[in-house]
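Notes follow the structure.
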Amino acid sequence: MNELQFNRHRRLRTSKNMRAIVRETFLRAEDFIYPIFVVEGTHVKNEINSMPGVFQISLDLLEAEMNEVASLGIKSVILFGVPDEHHKDECGTGAYSHNGIVQEATRTVKKSHPDIIVVADTCLCEYTSHGHCGVVENGKVLNDESLELLAKTAVSQAEAGADIIAPSNMMDGFVAAIRAGLDEAGYTDIPIMSYAVKYSSAYYGPFRDAANSAPQFGDRKTYQMDPANRLEAIREAESDVEEGADFLIVKPSLSYLDIMRDVKNNFNLPVVAYNVSGEYSMIKAAAINGWIDERSIVMETLTSMKRAGADLIITYFAKDAARWIKEEQ
């Protein structure tokens, strides 16, 4: 045996502290962006059936929610508006209304927690009667006609106090249109967190329950990306960088870690992983059935996203993960 020569990698795994000092990837509460679904009405806290532990909440309960978020050391939230059905129309006017649900939620958060970073989801699908992310004519989602409405939405969100605009619509040219709109309105310092690489994914199913935003006809495959494509992701991200994006989101995350690493390697902007609803719900379902150790699986999953290149992670696990990180410390 003395004649054998090989590397003894196990030397760096001999104890918990030894493993800790050579660890390469770390999670912090500051890494997480917590999604919040805000609904109209008062005293509303509806658990989403397909997303156990995630709720739709009304504006009057938002301050209490933010108190918990802040106490856990989470520095940023992303707001999704869920308007009543009678406030939806063909053009999604509620998205850019001065008193829209995201605008009001933004004001509420900034009043009670001015230091929390508010990311505003900038899309039309929650506000349109047809559930698509743009203007529809004769069954077709119109690209250029949608850009003006998206820019108006972004400006109204910035006026309400949003710190970051996060357009998720996947119209061609949406970053350029929104950047121009923000700059013209005087919001040159408001960054754009672009959903640069957004696949047409079955993993979004539970979100559409949460946001009441499922398309009423067809699907979104003409504007969201084909999950089979890799090079297309680089083209999409490159366009958004050229148009003025400040962050690049990759969505979904878990089945697209290769794409996340590609984006990280090719661009020098912060990369954001969106740990989407289907990824969340699969873990929750398995944990509820006692098939997995939820805490261990969640932390391993989030670590994989950081390791793949994510600087930030939008995740419904944010509060739990932040709590577990505190406990470990």
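Start at 1 with the first residue, then count along the sequence. All values below were derived from every heavy atom in this structure, side-chain atoms included, with hydrogens, water molecules and symmetry-related copies excluded.
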Ignoring hydrogens, what is the shortest heavy-atom contact between Ala322 and Ala29? Give both atom names and the distance. CB-CB, 4.0 Å
Any side-chain donor paired with an acceptor under 3.5 Å for Asn17 and Ser15? no
Please tell me whether Gln103 and Ser97 have a donor and an acceptor in their side chains that are separated by less than 3.5 angstrom. no
Would a 4.5 Å heavy-atom cut-off, applied to side chains only, mark Val82 and Ile101 as touching? no
Is the shortest distance from a Lys or Arg side-chain nitrogen in Lys319 or Glu68 to a carboxylate oxygen in the other one below 4.0 Å? yes
Does a side-chain heavy-atom distance below 4.5 Å link Asn169 with Thr122? no
Are Arg295 and Glu300 ion-paired here, with the side-chain N under 4.0 Å from a carboxylate O? no
Inspect the surroundings of CG in Asp189 and state if more than 12 heavy atoms from other residues, nucleotides or ligands are less than 6.0 Å away. no
Under 3.5 Å, is there a donor-acceptor pair linking the side chains of Ser253 and Asn275? no
Is the shortest side-chain heavy-atom distance between Tyr195 and Asp121 below 4.5 Å? yes
Please walk me through it: do Glu159 and Arg107 pass salt bridge (Lys or Arg N to Asp or Glu O under 4.0 Å)? CA-CA 10 Å; Glu159 287 175 347; Arg107 295 184 188 102; over 6 Å; no
Under 3.5 Å, is there a donor-acceptor pair between the Tyr204 and Ser277 side chains? no
We want to know whether Glu63 and Ser112 form a side-chain donor-acceptor pair, criterion being a heavy-atom distance below 3.5 angstrom. no
Can you name the residues that form a side-chain hydrogen bond (donor to acceptor under 3.5 Å, both in side chains) with Lys75, not counting sequence neighbours? none
Using modelled atom types and a 3.5 Å cut-off, is there a donor and acceptor pairing between side-chain atoms of Ser194 and backbone atoms of Ala166? no
Tell me, do Ser58 and Glu40 make a side-chain contact under 4.5 Å, heavy atoms counted? no
Step through it carefully: locate the ring centre of Phe55, locate the ring centre of Phe37, and say whether they are under 6.0 Å apart. no
Test your reading of the model: is there a side-chain donor-acceptor pair from Asn46 to the backbone of Gln56, 3.5 Å cut-off? no
Quick one: do Arg261 and Asp258 make a salt bridge, cutoff under 4.0 Å? no
One thing to verify: whether Lys284 and Glu294 come together as a salt bridge, which I'm taking to mean a side-chain N less than 4.0 angstrom from a carboxylate O. yes
Could you check whether any side-chain N or O of Asn143 sits under 3.5 Å from a backbone N or O of Asp172, counting only pairs where one atom can act as donor and the other as acceptor? yes
Going by the side chain to side chain contact (heavy atoms under 4.5 Å, CB included) test, name the single residue among Ile313, Leu312, Asp311 that passes it with Lys306. Ile313
Around atom CG of Asn99, are there more than 12 heavy atoms of other residues, nucleotides or ligands at under 6.0 Å? yes
Min side-chain heavy-atom separation Ile21-Leu12 under 4.5 Å: no
